[in-house]
Amino acid sequence: MSHEEKNTVLQIIIGIIINIWIVIEVRNLYENGLMDNANSIQIWADTIFWIVIFSIFIGIILSVFGTIVFSILETFIIGEADNNFIADERDKMIASTGHKITIFFSGAGFIILIIGLNYGYEIVDCLVVLMFGFSLGGLLGEFAKLTRYRLSI
């Protein structure tokens, strides 16, 4: 498994963990009735802001830890670790595919936000949909990259 492929797997794992955390937190906001009052946008923004801040640090820590674990596992299974950290043209093309999918779903989330606002939905609900568009787009982009790596296309 190449270094870029291992990073993609790590990003998927990190993305799933963070997405689960976001779903739990947003669900708690709705269940506690905090998304129904006048300060709902501020409460949502504050919650998401802290999730993003912590996610950056958690992502860095998990990336470093995951890279070390992958190296140890490769050494035990194969006998040596892949120390080639150079990204070639194939890696750039695969990354481009992931970026396109991420942008597509992010854009779709924005379009849904505009349509929702046009039909009278609450702005905080539309912002939640936009956030999930970005989040889902990032995760699906990483899955597309992994699929391309695994299928060698």
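Starting from 1, each residue takes its place in the sequence as its number. The shown structure was predicted, so the numbers you read here are calculated from the model rather than taken from an experiment.
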Within one Ile-Leu-Val-Met-Phe-Trp-Tyr cluster: Phe143 and Val23, side-chain cutoff 4.5 Å: yes
Separation of Ile18 CD1 from Ile51 CD1 (nearest 0.5 Å): 9.5 Å
Side-chain atoms of residues 7-17: list all donor-acceptor pairs with protein atoms under 3.5 Å, sequence neighbours left out, distances to 0.1 Å.
unit_1 : atom_1 : unit_2 : atom_2 : d
Asn7   : ND2    : His3   : NE2    : 3.1
Thr8   : OG1    : Glu4   : O      : 2.9

Selection residues 35-52 - residue pairs positive for side-chain hydrogen bond (donor to acceptor under 3.5 Å, both in side chains), sequence neighbours left out: Asp46-Trp50
Partner residues of Ile101 under the side-chain contact (heavy atoms from CB on, under 4.5 Å) criterion, sequence neighbours left out: Thr97, Phe105, Leu140, Ala144
Contacts of Thr102 that satisfy side-chain contact (heavy atoms from CB on, under 4.5 Å) - sequence neighbours left out: Ser106
Single-linkage hydrophobic cluster, 4.5 Å side-chain cutoff, Trp21 and Ile43 together: yes
Co-membership, hydrophobic cluster, residues Leu62 and Leu146, 4.5 Å side-chain: yes
Separation of Leu29 CG from Met35 CE (nearest 0.5 Å): 5.5 Å
Listed partners of Glu89 passing salt bridge (Lys or Arg N to Asp or Glu O under 4.0 Å), at least two apart: none
Name the atoms and distances for all side-chain donor-acceptor pairs under 3.5 Å in residues 125-134, with sequence neighbours left out.
unit_1 : atom_1 : unit_2 : atom_2 : d
Asp125 : OD1    : Tyr30  : OH     : 2.4

ILVMFWY network linking Ile20 to Leu139, side-chain heavy atoms under 4.5 angstrom: yes
From CA spacing to verdict: side-chain contact (heavy atoms from CB on, under 4.5 Å), Arg148, Arg90: CA-CA 10 Å; Arg148 283 202 62 192; Arg90 177 177 167 260; over 6 Å; no
Side chain proximity check, Asn28 to Leu34, heavy atoms < 4.5 angstrom: no
Salt bridge (charged side-chain N to carboxylate O under 4.0 Å, His left out) contacts in which one or both residues fall within residues 15-29, not counting sequence neighbours: Arg27-Glu31
Transitive ILVMFWY side-chain link Met93 to Ile103, under 4.5 Å: no
Pairs involving residues 111-121, ordered by first then second residue, that meet side-chain hydrogen bond (donor to acceptor under 3.5 Å, both in side chains) (sequence neighbours left out): none
Contacts of type side-chain contact (heavy atoms from CB on, under 4.5 Å), residue Ile56, not counting sequence neighbours: Val52, Ile60
